[in-house]
2 protein chains.
Amino acid sequence: MVATIADVARLAGVGVGTVSRVLNGRPNVGASTRARVLAVITELDYVPNATARSLSSGRTRTIAVVCIHFIIPSVIERIHGAERTLTDAGFDLIIRNVETAERRDQALRDLTHAERVDGAILISVTPNEQDYQHIRAAGLPVVLVDASHRSMARFVCDDVEGGATAGRHLLSLGHRRIGFVGDPPRPSLGVPSSRSRLRGLREALAEQGLDVAPHHLAEGEHFRAGGYESALRILKLKDRPTAVFAANDTLAFGVLQAARELGLRVPTDLSVIGYDDIDAADLVGMTTVHQPLYDSGAAAAARLLRLLNGQDHGPLRTVMPTRLTVRETTAPPNTGTAPVKSIHGSSAPVSSSNHHRVR
Amino acid sequence: MVATIADVARLAGVGVGTVSRVLNGRPNVGASTRARVLAVITELDYVPNATARSLSSGRTRTIAVVCIHFIIPSVIERIHGAERTLTDAGFDLIIRNVETAERRDQALRDLTHAERVDGAILISVTPNEQDYQHIRAAGLPVVLVDASHRSMARFVCDDVEGGATAGRHLLSLGHRRIGFVGDPPRPSLGVPSSRSRLRGLREALAEQGLDVAPHHLAEGEHFRAGGYESALRILKLKDRPTAVFAANDTLAFGVLQAARELGLRVPTDLSVIGYDDIDAADLVGMTTVHQPLYDSGAAAAARLLRLLNGQDHGPLRTVMPTRLTVRETTAPPNTGTAPVKSIHGSSAPVSSSNHHRVR
DNA sequence: TGGTCATTTGGAACCGATTCCAGGAGGGAG
DNA sequence: CTCCCTCCTGGAATCGGTTCCAAATGACCA
């Protein structure tokens with residue numbers, strides 16, 4: 001049905017070796033022969049079979065991207081960066097989405113087994129020592145993004161510094177009672193970044209002799225529902241914080257929702273700062289700590305390509321910069337004066353029920 | 001280095017054919033032989049080479065997902081649904097993100113060429129007649145999502161009906177001057193759904209003898225910036241609409257941003273309704289027309305798996321239901337009192353004589 | 001005991017490329 | 001004119017599976 005290299009060889013009156021050399025741009029092919037082969041290739045609309053090529057060459061030109069929770073916006077932006085770079089280099093990219101710890105273990109094992117891919121990018125997926133040994137034994141090039149292993153190439157942001165940035169911003173606005181909403185402290189799956197960001201916040205506060213009050217600290221589920229629940233609990237307190245730092249933007253949205261529901265105006269009654277600077281943060285005008293999501297994926301892909309070519313230079317650990325992005329959900333704390341209606345008051349739609357205060 | 005089927009055969013003292021039969025769960029293998037082979041497989045930690053398997057069997061167990069703009073949330077949710085279904089069925093999924101018309105053409109051509117995949121799902125990517133002929137000639141199973149071709153299996157939502165739903169909701173709240181913000185009318189790439197949704201809106205309005213005023217209609221870029229620009233233009237008008245329907249949630253976010261900037265309170269001064277019901281719409285409490293994004297991806301994947309098994313039943317065109325999801329950005333128009341504040345200060349009270357009527 | 005048939009088994013052929021080696025053609029030097 | 005070296009070229013071997021065919025085995029029956 002579909003033309004093969006043998007068909008091309010026969011019609012061009014040459015051997016398959018010659019066709020292969022033409023296909024791969026190798027030297028040692030006569031000009032007229034090359035022209036004849038190319039003509040037949042065009043005529044037959046011939047494209048080499050990728051599978052056969054992989055089998056004989058031992059390279060699949062395919063990269064696995066293993067990620068947790070494909071639906072998380074920050075993960076998607078990282079994949080997007082990797083996708084562009086890999087596609088431009090002629091590589092295919094296969095997605096391995098893992099949503100449970102078992103799936104993660106299985107995905108990491110499978111990476112090396114069926115020799116299906118030339119390399120892998122792990123996004124927010126941290127290999128354990130056993131995984132590492134498997135990968136190393138198989139000689140599979142792997143680059144981590146937003147994950148860590150002391151012996152593997154990785155691109156990370158300084159989460160402690162980013163957390164401190166958020167803390168210093170709130171402090172500079174005059175906040176003293178600052179709450180924190182984060183991921184579960186020991187997630188079965190995924191990233192310790194939430195804890196690092198909390199640590200950064202605390203370091204910033206400590207410089208002023210302050211700390212996060214235990215009852216102003218909630219570490220629940222990763223998703224918005226978690227941020228919402230956590231924030232509700234904290235914001236219902238009599239001595240609720242005047243500002244909340246959420247370990248990522250998705251959680252921060254949950255905080256905003258809780259504030260809206262409790263009739264707290266943002267930023268007048270409550271400042272909220274997130275982390276990641278996903279697209280949606282810009283949409284709703286949320287202050288956040290920006291980290292280079294797209295770029296981290298692109299950089300990891302570029303590094304992986306270099307590893308595949310055996311050009312393994314550069315440090316194992318690359319720290320990418322974070323920066324504060326101030327929008328409309330942070331402001332000085334509301335001291336004393338009665339709430340005033342503000343046109344910019346809430347990034348979220350103004351609900352008619354937001355007159356009554358908490359309790 | 002890595003064990004092959006020949007190693008297993010030798011250690012088990014059987015032929016490669018027998019090992020293959022065991023691997024694939026074929027009958028006609030003696031119980032004791034099977035046990036011995038399985039023992040060796042376990043001992044060697046043997047996994048069959050996926051590439052070799054593909055080459056000899058002619059099936060790659062890989063599906064291509066071709067999508068426009070990998071970064072669009074609705075696209076991602078659809079991919080997520082497809083990913084789960086395909087992974088559970090043991091298929092790998094490769095992503096082909098196309099962001100220009102040329103890339104789209106190339107991606108569609110490549111699908112059939114290198115025999116790299118067993119089938120494809122096209123998300124918001126519409127094949128032209130030539131693409132269709134290529135695909136048909138190659139016998140490649142393909143399912144469309146949010147795209148149309150009269151001869152291909154597809155899952156769509158009734159965009160006209162969805163648009164009408166949005167229109168009727170606004171009408172029932174009492175709105176008479178309704179604006180529309182949509183995608184460019186003739187996108188080089190992508191979907192005509194924006195136009196269909198506008199048509200639905202007009203049909204709903206026509207039932208009341210109304211229409212969208214030409215200067216209340218803006219079709220700009222797909223992304224938020226487009227929605228923002230379009231909305232700014234419309235909302236600065238003296239006779240600005242009391243409600244805006246945006247062809248998708250991303251555009252609607254741009255409308256919200258423009259409203260915020262102009263000092264228009266939502267929903268008091270302006271109602272906004274989107275389309276898609278992406279996660280972020282829930283985050284900010286936006287009223288929207290819900291369509292089953294995840295489910296459409298999952299359904300398409302399930303259908304594709306059936307096509308691969310030769311069980312091609314069911315209609316070519318499957319229409320999935322939409323439904324109105326009312327949140328906090330729509331309300332009756334503000335008739336009595338003047339707006340609290342307005343950037344341009346015109347703040348003309350809504351006068352019912354102002355309705356734009358169908359000629 | 002011999003014949004028939006179903007089941008089990010080994011291994012060659014094949015999938016479609018790449019790669020390597022040997023042989024042929026052509027050009028330059030002696 | 002011969003020899004040698006370089007450059008082209010054809011085709012067999014190879015990658016690691018699946019599949020098919022023929023042969024071996026064993027059960028059953030006359």
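Just so we're on the same page: letters track the sequence lines, and every chain starts at 1. Hydrogens, waters and symmetry mates play no part in the numbers below; they use all other heavy atoms, side chains included.
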Report task. Using a 4.0 Å heavy-atom cut-off across all strands, classify A:Thr33 as base, sugar-phosphate, or nothing. Result -> sugar-phosphate
Report task. Identify whether any heavy atom of B:Val29 sits under 4.0 Å from a base atom; if not, whether one sits that close to sugar-phosphate; answer base, sugar-phosphate or nothing. Result -> sugar-phosphate
Query raised in the report: Are any of the side-chain heavy atoms of B:Phe155 and B:Arg303 separated by less than 4.5 Å?
Result: yes
Query raised in the report: Starting at CZ of A:Arg21 and ending at P of C:dA17, how long is that distance when rounded to a whole Å?
Result: 16 Å
Query raised in the report: Hey, does B:Thr51 reach any base, or is it just sugar-phosphate, or nothing, if we go heavy atoms under 4.0 Å?
Result: nothing
Report task. Please determine, for the side chain of A:Leu55, which listed nucleotide (D:dG17, D:dC15, C:dG10) has the closest atom? Result -> D:dC15
Requested in this report: Of all the heavy-atom pairs spanning A:Leu111 and A:Ala64, show the shortest one and how long it is.
Outcome: CD2-CB, 3.6 Å
Query raised in the report: Do A:Val29 and A:Val37 come within less than 4.5 Å of each other through their side chains, counting heavy atoms only?
Result: no
**Report entry** Euclidean distance, atom CZ of residue B:Arg59 to atom C1' of D:dT19 [Å, nearest integer]
**Finding:** 11 Å
Query raised in the report: Hey, does the side chain of B:Ser56 come within less than 4.0 Å of D:dG16's phosphate (OP1/OP2), counting only N and O?
Result: no
Requested in this report: Keeping the roles fixed (side chain from A:His149, backbone from A:Ser151), state whether a donor-acceptor pair exists under 3.5 Å.
Outcome: yes
Query raised in the report: Is B:Arg26 touching bases, backbone alone, or none of the nucleic acid, heavy atoms closer than 4.0 Å?
Result: sugar-phosphate
Report task. Using a heavy-atom cut-off of under 4.0 Å over every strand shown, decide if B:Ser20 touches base, sugar-phosphate, or nothing. Result -> base
Report task. Take the protein atom CZ of B:Arg36 and the nucleotide atom C1' of C:dT9, then report the distance between them rounded to whole Å. Result -> 11 Å
Query - Atom-pair distance (CZ on A:Arg34; C1' on D:dT9), nearest Å - result: 13 Å
Query raised in the report: Tell me: CD of B:Glu115 to C1' of C:dC15, nearest whole Å?
Result: 10 Å
Query raised in the report: Are any of B:Tyr46's side-chain N or O atoms less than 4.0 Å away from OP1 or OP2 of D:dG16?
Result: no
Query raised in the report: Just how far, in rounded Å, is P of D:dC15 from CZ of A:Arg116?
Result: 21 Å
Query raised in the report: Where each residue is assigned the nucleotide of DNA chain D containing its nearest heavy atom, which of A:Pro27 and A:Val16 is assigned the position nearer the 5′ end?
Result: A:Pro27
Query raised in the report: Roughly, in whole Å, what's the span from CG in A:Leu23 to P in C:dT19?
Result: 12 Å
Query raised in the report: Are a donor atom and an acceptor atom from the side chains of A:Gln106 and A:Arg96 found within less than 3.5 Å of each other?
Result: no
Query raised in the report: Looking across every strand, which nucleic acid part, if any, lies under 4.0 Å from B:Gly17 by heavy atom: base, sugar-phosphate, or nothing?
Result: base
Query raised in the report: Counting only side-chain N and O atoms of A:Arg53, is one of them less than 4.0 Å from OP1 or OP2 of D:dC15?
Result: no
Report summary line: When rounded to whole Å, the CG to C1' distance for the pair A:Asp7 and C:dG16 reads 10 Å
Requested in this report: Could you tell me whether the phosphate oxygens of C:dT8, OP1 or OP2, come under 4.0 Å of any side-chain nitrogen or oxygen in B:Asn28?
Outcome: yes
